[in-house]
Amino acid sequence: MRWSKTFTPTLRENPTMAEAVSHKLLLRAGYIRQLTAGVYSYLPLAQRVLLKITSIIREEMNNIGGQEYLLPALNPAEIWQETGRWEVMGDNMFRLKDRKGADLCLGMTHEEVFTSIARDELRSYKQLPQIWYQIQTKFRDEARPKSGVLRVREFIMKDSYSFDLDLEGLDKAFEAHREAYCLIYKRCGLEFSIVEASSGAMGGSKSSEFMVYSDAGEDWIASCADCHYAANVEKATSRLPNISDETGTESAEKFPTPGVRTIEDLTTFPGGAAATHQIKTLVYMLDDKPALVLMRGDHQLNETKLGDSTGAINARPAHPAEIQKLLGASPGSLGAVGVKDVFIIADNLLQGRTNMVTGANHDDHHLRGVSIARDITVTKWADLRAVVTGEGCPNCSGTLRVDKAIEIGHIFKLGTKYSQSMKANVLNAEGKEVPIIMGSYGIGVGRIMASAVELYNDTDGICWPVSIAPFELVITPTNINDATQKETSEKLYQELMAFGVDVILDDRDDRPGVKFKDADLIGIPYRITLGKKLKEGKVEFFTRKTKQSQDVSLDQIVDVLKKSIATAKIVNP
RNA sequence: CGGGGAGUGGCGUAGUCUGGUAACGCGCUUGGUUUGGGACCAAGAGACCGGUGGUUCGAAUCCACUCUCCCCGACCA
């Protein structure tokens with residue numbers, strides 16, 4: 001490729017709209033342009049990166065026996081209605097009608113389509129196992145697209161699905177994917193972690209997420225440095241010291257607490273209590289049915305845990321009016337004591353606690369001496385609290401920390417959720433009809449690109465891992481009007497291309513500074529500069545990531561370069 | 001959906017409070033001088049100021065409505 005003939009619209013200044021580092025750099029370096037909120041055009045540089053990522057994915061997927069498909073993005077409502085997700089997906093699904101008025105949607109994921117193929121075509125256990133995958137555009141009408149290409153409404157995803165006769169087969173497919181994913185991310189040059197995750201609306205028994213630690217991320221991961229425990233806070237647990245309560249009163253006692261609205265207020269109010277000795281009462285609407293959620297005063301609820309433990313599809317805090325109607329009091333004075341006929345779910349850590357303080361369901365009044373077992377009718381106990389940095393690891397004696405991360409992949413053991421609702425059955429060896437056991441596995445292709453930029457950049461621009469850089473090498477003659485430089489760079493260019501190096505020749509009639517700045521910004525991993533020392537038969541070999549350069553003689557440069565590229569692409573398992 | 005911010009040549013901005021017919025930097029075009037970290041000189045091109053309606057002799061500027069984008073939150077395989 002010749003630079004003079006490529007479209008690389010780099011910008012000198014950062015566009016104002018961009019906040020995330022990857023957003024700024026991809027925009028400035030000429031990789032992406034926004035069309036509308038959460039929808040981006042991928043320019044030639046980005047397409048080169050995406051193609052390199054997808055070809056790595058293809059190789060590793062094919063290695064575990066995956067077969068590539070290309071499925072429709074346009075789906076009929078019927079298959080989504082069969083699995084119930086036509087309703088579940090709510091506003092997040094792009095919906096449209098065709099000329100006949102029939103309901104259609106744009107695929108957010110492809111369990112339904114693949115399962116419909118499976119039910120139509122798979123008849124016998126002898127046809128199993130299967131691993132089917134595709135790399136395709138998905139659509140989700142995100143309430144708030146953000147961070148450039150990290151959270152978008154239209155995005156490229158590799159999704160695969162495994163079809164097995166039994167759980168043992170599912171385990172194998174799951175494990176095969178896990179290993180393939182590790183290889184894919186390693187080959188893409190990403191530092192990543194695997195964490196336990198909530199299956200959420202996907203259903204299924206087990207799921208693992210592949211995460212890249214980054215402040216641009218939207219997930220929080222609890223991890224232990226001592227034992228490799230790592231889990232999404234939606235799932236993470238921790239080890240906390242027990243609290244011993246003093247023996248409480250015979251019965252709960254109501255007392256006035258004028259002006260007290262928060263847990264914090266009550267800790268300093270005379271006759272109040274430390275946050276650890278309070279019960280926080282939250283009112284939630286679980287699929288439009290009210291529920292009380294009880295937490296220890298100093299603990300935060302994790303809403304995903306609430307959803308997972310109640311099976312609620314839609315969990316939201318109740319509005320003040322709904323709360324007033326339910327309990328007859330305002331937030332700040334709420335409690336569960338004496339509440340009947342309302343679903344009450346309490347965090348496990350409240351079990352057995354006595355002598356607690358909580359709201360009295362009477363504005364400006366609280367109760368003290370509350371003993372949970374005696375005074376509150378808990379419908380369900382569950383782990384509901386969000387782990388925070390500094391708590392004990394549930395697995396060893398270490399300490400947890402909570403960090404932000406970008407989700408770049410997610411693998412699920414689905415089980416029979418989709419095969420049952422869509423009647424995808426096969427006959428087993430006994431001639432009995434059984435539902436196919438499925439797994440679902442996704443990789444965000446665009447997120448790999450953006451994560452690499454988030455992870456590897458400096459003040460001058462992007463520092464791509466060699467394996468996914470748009471070009472491996474740029475040849476930069478400092479002055480294209482110098483006949484020797486021009487001739488030599490041309491010869492080198494031809495030679496390196498013949499060796500299969502992905503090279504771009506910066507043949508623009510520009511000052512060297514412009515060329516260097518552009519190459520650094522775009523993030524080309526290696527540069528061969530032809531300048532003054534060419535007279536002595538030497539060129540400069542520059543490494544983007546380290547900014548180190550060395551003089552290399554012309555007859556050795558090809559070897560030096562090939563060695564560098566090969567070394568950079570090696571994956572150490 | 002709630003809160004905040006912003007729409008002015010391709011990009012980044014000033015001008016808006018206090019109405020008088022659009023300015024600056026970058027980029028672009030042409031000519032010349034340059035050529036190792038975003039050169040310099042000269043001459044140019046390019047904007048109905050997001051849209052609609054209103055007030056006014058006169059609106060980028062004031063008023064109303066509306067659209068879009070960004071940020072925080074809610075939401076989210």
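Quick note on labels: first sequence line is chain A, next is B, and so on, each numbered from 1.
- Candidate nucleotides B:rC69, B:rG12, B:rG36 were compared by shortest atom distance to the side chain of A:Thr16, and B:rG12 ranks first.
- Ion pairing between A:Arg178 and A:Glu175 holds under the 4.0 Å rule for side-chain N and carboxylate O.
- Phosphate proximity of B:rC69 to A:Thr36: present, with a side-chain N or O under 4.0 Å from OP1 or OP2.
- The residue A:Arg153 sits apart from the nucleic acid: no heavy atom pair falls under 4.0 Å.
- In this structure, the nucleotide among B:rG37, B:rU13, B:rA74 sitting nearest to the side chain of A:Ala143 is B:rA74.
- Applying the 4.0 Å criterion to OP1 and OP2 of B:rC72, one finds that A:Arg144 has a side-chain N or O inside that range.
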> Yes or no on side-chain hydrogen bond (donor to acceptor under 3.5 Å, both in side chains) for A:Lys138 and A:His110, after CA distance, side-chain angles and deciding distance?
Replying inline: CA-CA 9 Å; A:Lys138 313 276 183 199; A:His110 280 73; 2.7 Å; yes
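- Across all strands, A:Leu521 comes closer than 4.0 Å to base atoms (heavy-atom distances).
- Counting non-hydrogen atoms under 4.0 angstrom, A:Asp520 reaches a base of the nucleic acid.
- Ring geometry, A:Phe210 versus A:Tyr185: the interplanar angle falls from 30° to 60°, so the pair is classed tilted.
- Of the candidate nucleotides B:rA77, B:rC71, B:rG25, B:rC71 has the atom nearest to the side chain of A:Lys146.
- Contact annotation for A:Arg28: base contact, defined as any heavy-atom pair under 4.0 Å involving a base atom.
- Nucleotides B:rC48 and B:rA60 are separated by 12 Å at their P atoms, to the nearest Å.
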Just the table, please: protein N/O against nucleotides 31-35 of chain B N/O, every pair under 3.5 Å.
unit_1	atom_1	unit_2	atom_2	d
B:rU34	O2	A:Arg511	NH1	3.0
B:rU35	O4	A:Asn481	ND2	3.2

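- Of all nucleotides listed (B:rG37, B:rA77, B:rA39), B:rA39 comes nearest to the side chain of A:Val514.
- Within 4.0 Å of A:Asp518, counting heavy atoms only, lies at least one base atom of the nucleic acid.
- Within 4.0 Å of A:Met93, counting heavy atoms only, lies no atom of the nucleic acid at all.
- Side-chain contact check for A:Glu303 and A:Tyr284: at least one donor-acceptor pair (N or O, by modelled atom type) lies under 3.5 Å.
- Across the interface with RNA chain B, nearest-nucleotide mapping of A:Glu142 and A:Gly38 shows A:Gly38 to be the residue nearer the 5′ end.
- When the P atom is compared between B:rU56 and B:rU13, the two are found 36 Å apart, to the nearest whole Å.
- For the C1' atom pair drawn from B:rC11 and B:rA64, the interatomic distance equals 33 Å after rounding to whole Å.
- Proximity note for A:Phe516 (side chain, C-beta onward) versus B:rC69, B:rA77, B:rG36: the nearest is B:rG36.
- Among the protein residues, A:Gln34 comes within range of the sugar-phosphate backbone only, with heavy atoms under 4.0 Å from sugar or phosphate atoms but none that close to a base.
- Using P as the reference atom, B:rC26 and B:rG50 are 24 Å apart when rounded to the nearest Å.
- Between A:Phe114 and A:Trp132, the ring planes lie tilted relative to each other; the angle falls in the 30° to 60° range.
- Look at A:Arg12 and you won't find any side-chain N or O under 4.0 angstrom from OP1 or OP2 of B:rG38.
- At the phosphate of B:rG36, OP1 or OP2 sits under 4.0 Å from a side-chain N or O atom of A:Lys532.
- Residue whose closest nucleotide on RNA chain B sits further toward the 5' end, between A:Gly531 and A:Ser147: A:Gly531.
- For the C1' atoms, the distance from B:rA47 to B:rC40 is 28 Å, rounded to whole Å.
- Cation-pi check for A:Arg153 over A:Phe94 is not met; the charged atom does not lie both under 6.0 angstrom from the ring centroid and within 45 degrees of its normal.
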> side-chain hydrogen bond (donor to acceptor under 3.5 Å, both in side chains) between A:Arg85 and A:Tyr418: does it pass, once the steps are laid out?
Replying inline: CA-CA 10 Å; A:Arg85 293 165 105 196; A:Tyr418 295 88; 3.1 Å; yes
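- Checking B:rC71, B:rG37, B:rG36 against every side-chain atom of A:Glu540, the shortest atom distance belongs to B:rG36.
- B:rU66 and B:rC71 have their P atoms separated by 24 Å, given to the nearest Å.
- With both ends at atom P, the span from B:rG20 to B:rC75 equals 48 Å, rounded to whole Å.
- B:rC62 sits 12 Å from B:rG15 when the P atoms are compared, rounded to a whole Å.
- Classification of the A:Tyr441-A:His177 ring pair by plane angle, with boundaries at 30° and 60°, yields parallel.
- Pair check for B:rG12 finds B:rC24; Watson-Crick or G-U wobble, both atom distances under 3.5 Å.
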